[in-house]
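Computation of the quantities below employed the complete heavy-atom set of this structure, encompassing side-chain atoms and omitting hydrogens, waters and symmetry-equivalent molecules. Naming: A, B, ... by sequence-line order, numbering from 1 per chain.
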Amino acid sequence: MSQSYLDVLNSEQKRAVLHTGKPLLILAGAGSGKTRVITTKIAWLIREQGLDPRSILAVTFTNKAAREMAERAKLIDDRAGDAMLRTFHSFGAWFLRRNGPLAGLDSGFVIYDDDDVCSLLSSLMENSTKAEIKQIAYKISRAKDYFLCPNDPKLSFIDSHKKFHSIYAMYEERMSQIGNVDFGDLIKKPVEILRSHPETAQRFRDRFSAILVDEYQDANVAQFELLKELTGPATYVCVVGDDDQSIYRFRGAEVKNILEFPNLFSGTEIIRLEKNYRSTEPILRAASSVVDNNQGRLGKTLSATRGNGKLPVLAFLPNQDEEAAFCARQIEDSVRQGRAKWSHWAILYRTNAQSLGFETKFLRRGIPYRVVGSLKFYEREEIKDALALLSFLVNPRDEVAFRRIVNKPARGVGPASVDKIIEAAYANENDLMETGRRIDLAPKARAGLNDFIKLIEDGKSLLENAQTTDEEIRKLQIKKRDSNKSREGLASGEGFSNCVYMLVKNSGIADYHKMQDDVTGNQRLNNLQELLNAASQYPLSQKGLQDFLEHIELDRSLVNDSADTGNVDSVTLITFHNTKGLEFQNVIMTGVEHGVFPRENIKEDELEEERRLFYVGATRAMNELYFTSCAMRRMYGRTVPTNPSLFLHEVDKGSLQITGSIPYGFNTLKKNAASPGHSEIEKAADWKRGESLYHDDHGYGEVIAVTDSEEGPVVRVHFQTGKELHFHSEYQGSAITKIGRDY
DNA sequence: TAGTTTTAAGTTTTT
DNA sequence: CTTAAAACTA
């Protein structure tokens with residue numbers, strides 16, 4: 001009776017939940033109920049194994065997933081709410097707040113986002129372009145993903161130039177002087193601390209008796225190291241993942257982690273979840289037929305428990321306006337006929353920029369929608385300005401924040417003065433406030449800096465003197481946000497929100513942006529108001545400020561979600577990447593065109609990642625799946641002709657219904673129906689098996705197969721480097737040269 | 001030096 | 001077409 005929550009599980013799921021002792025690797029296909037298994041497992045560990053909820057650590061990759069997991073686990077057993085459910089990064093931040101001092105990191109650190117990292121780098125690399133700086137920032141971030149320090153010989157794996165090594169070293173030096181951290185540090189530093197402080201490591205191994213990791217296929221090397229450091233002989237480890245859904249390689253995710261897990265955790269038991277409960281059979285078949293073209297995969301056979309259903313639709317459309325109209329039509333029809341609600345639909349696209357066309361179309365036709373992720377609220381200038389003020393309040397060594405706001409609005413403190421102050425601060429423990437008070441400056445700059453110092457001091461004293469009581473904090477958290485937007489100025493709030501209000505107002509940033517609003521008609525003042533509303537949930541204290549900043553850095557969807565009146569009935573606009581872990585009744589995969597998805601000029605391994613992305617997108621659908629492919633697309637303001645995606649050539653035509661005007665050369669025949677003779681394809685391709693060639697990028701190679709792929713034949717080439725690539729035959733002549741033949 | 005106008009450049013994907 | 005960098009003027 002007490003175990004009735006286990007009855008809804010199939011035998012494999014149940015086996016995974018009841019498993020104990022040795023490490024467990026769950027290979028969970030799309031839609032196989034892996035969240036159910038993890039949440040049930042958490043509840044089971046508490047109920048039947050008698051684990052203290054606080055001794056359970058469950059790690060996910062996104063905040064959304066963490067929230068959902070917490071919610072679902074609590075439904076099964078309320079005590080699960082006390083388990084530690086976090087993203088890797090938020091766990092790292094939590095760890096460093098407590099143990100950072102062991103590595104010389106003040107616990108009042110602020111987390112730098114990519115933008116902040118770039119501004120710090122630009123002060124280190126005086127005459128570099130923004131693109132170069134971004135490149136370096138990317139590489140430093142990758143280095144940390146792979147747990148590589150500036151002096152690690154393996155760093156040449158990222159970039160072999162000495163220049164990079166020295167910039168990385170300088171960056172680390174400067175960062176530790178400032179006392180802040182970047183995203184990579186949130187994982188890397190905890191590992192370093194655990195390794196150099198065995199007694200701390202022991203404490204954590206004693207504290208967590210079970211560690212569960214979701215989406216393990218997207219863990220990077222540093223995250224794997226962190227997992228290893230937290231795991232003692234008595235720690236139960238359970239990781240869940242699907243190699244076919246690994247889509248974050250560009251961010252350092254290593255599929256190797258999942259493939260080699262059994263070797264690195266001895267005695268690992270593997271359980272496969274291969275029953276798909278989400279999608280109908282044709283949807284699953286279409287998705288699988290594409291990812292089957294990948295070479296490096298474990299391979300699995302997902303079975304569709306839901307049985308047959310509507311065939312996925314492939315719609316060929318003239319251009320992206322028609323594409324948006326097509327989507328609108330499908331959605332409107334289904335809602336008008338009562339077959340679906342708005343919220344049953346999701347529009348998927350490869351790049352955030354593609355959302356715009358759908359937004360304008362939906363707005364005009366009155367279709368309610370919400371855009372997931374892309375709303376770059378925290379990247380807006382006015383928001384970053386306000387946050388920089390707050391960051392500087394927490395950490396007077398924050399050079400990046402100082403540069404950003406000391407002269408905004410203009411106070412007469414120009415770049416020359418700013419550099420002078422920062423330079424001088426080196427000799428003064430990098431304290432910019434302290435240095436600012438003493439330093440000699442031109443009268444105009446002096447007056448401006450005094451204003452700025454006064455502003456920060458006022459903010460500080462407001463924080464320190466007005467300690468909020470616990471009772472007041474509770475009230476603040478319960479209090480609903482008031483949305484009194486005003487064009488005249490900001491409306492003040494209460495508590496911490498009021499402190500932010502005072503800072504933003506007195507700093508002149510509010511007026512500065514209000515003036516800009518009047519000129520450009522922007523909504524910047526409203527955005528600032530939105531930030532104040534978000535702040536109103538935090539207590540007026542040093543800790544409240546710190547929590548607020550940390551929350552914003554780690555979960556950028558926050559304001560967006562809370563402003564989103566909960567579960568309104570609306571269509572979801574979302575990137576393929578963002579759909580991971582989600583499901584929808586009906587899904588439209590848009591822009592399935594060559595050059596868009598997959599994007600152009602990519603290497604074989606990147607192509608495989610895009611294929612997995614295709615697989616992830618398609619397997620989000622429960623009942624209906626659509627692909628749209630346009631003949632023309634506007635890019636950079638120009639309209640250019642486009643071709644169907646390679647993936648549309650690969651997808652099993654037997655599980656597809658095609659509409660619209662079929663592009664020239666697109667073969668709609670089902671796989672088995674087309675069986676032309678080899679020589680014929682080879683003739684058409686003008687390539688033969690065994691033929692040699694030279695490729696500008698990959699060197700010498702030999703043709704190992706010529707296959708028919710509808711948009712002209714495809715030539716598969718084995719290169720001397722060991723790589724295997726395929727090309728459309730008409731591609732020849734640009735980068736490829738035939739050997740032993742003349743033209 | 002601050003703020004504006006002109007010109008060039010550029011799109012992955014995210015914690 | 002949008003955004004960022006460079007050039008320009010008051």
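- Taking the C1' atom of each, dT11(B) and dA6(C) are spaced 22 Å apart, rounded to whole Å.
- For dA2(B), one of the phosphate oxygens OP1 or OP2 lies less than 4.0 angstrom from a side-chain nitrogen or oxygen of Asn407(A).
- dA4(C) is paired with dT7(B) under the Watson-Crick or G-U wobble criterion, all donor-acceptor distances under 3.5 Å.
- You won't find any donor-acceptor pair under 3.5 Å spanning the side chain of Arg599(A) and the base of dT11(B), going by distance alone.
- The side chain of Phe250(A) lies closest to dT13(B) when the candidates are dT15(B), dT12(B), dT13(B).
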Polar atom pairs (N or O), protein with nucleotides 7-10 of chain C, under 3.5 Å:
none

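- Taking the six-membered ring for Trp and thresholds of 30 and 60 degrees, Trp345(A) and Tyr626(A) have ring planes inclined between 30 and 60 degrees apart.
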Kindly determine whether Asp242(A) and Tyr216(A) satisfy side-chain hydrogen bond (donor to acceptor under 3.5 Å, both in side chains), including the steps that lead there. CA-CA 8 Å; Asp242(A) 177 4; Tyr216(A) 189 68; over 6 Å; no
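- Judged by Watson-Crick or G-U wobble contacts below 3.5 Å, the nucleotide dT12(B) has no partner.
- Pair assignment for dA2(B): dT9(C), on the basis of Watson-Crick or G-U wobble contacts that are both within less than 3.5 Å.
- Residues His577(A) and Tyr248(A) have side chains that never bring a donor and an acceptor to within less than 3.5 angstrom of each other.
- Here Phe183(A) counts as stacked on dT15(B): its ring centre is under 5.5 angstrom from the base ring centre and the planes meet at under 30°.
- The shortest distance between the side-chain N/O atoms of Asn352(A) and the OP1/OP2 oxygens of dT13(B) is below 4.0 Å.
- Of the listed nucleotides (dT15(B), dG10(B), dA2(B)), dG10(B) has the atom at the smallest distance from the side chain of Tyr636(A).
- Note: Tyr146(A) and Phe157(A) meet the aromatic proximity criterion, with ring centroids under 6.0 Å apart.
- Listed pair Thr575(A) / dT14(B) meets the phosphate criterion, a side-chain N or O lying under 4.0 Å from OP1 or OP2.
- Residue Asn578(A) places none of its side-chain N or O atoms closer than 4.0 Å to OP1 or OP2 of dT13(B).
- Across all non-hydrogen atoms, the minimal contact from Ile552(A) to Leu387(A) is CD1-CD2, 3.8 Å.
- Residue pairs meeting the ring-ring contact (aromatic ring centres under 6.0 Å, His included) criterion with at least one member in residues 598-618 of chain A, sequence neighbours excluded, are Phe614(A)-Phe627(A), Phe614(A)-Phe647(A).
- Ring pair Phe261(A)/Phe224(A): centre-to-centre distance not below 6.0 Å.
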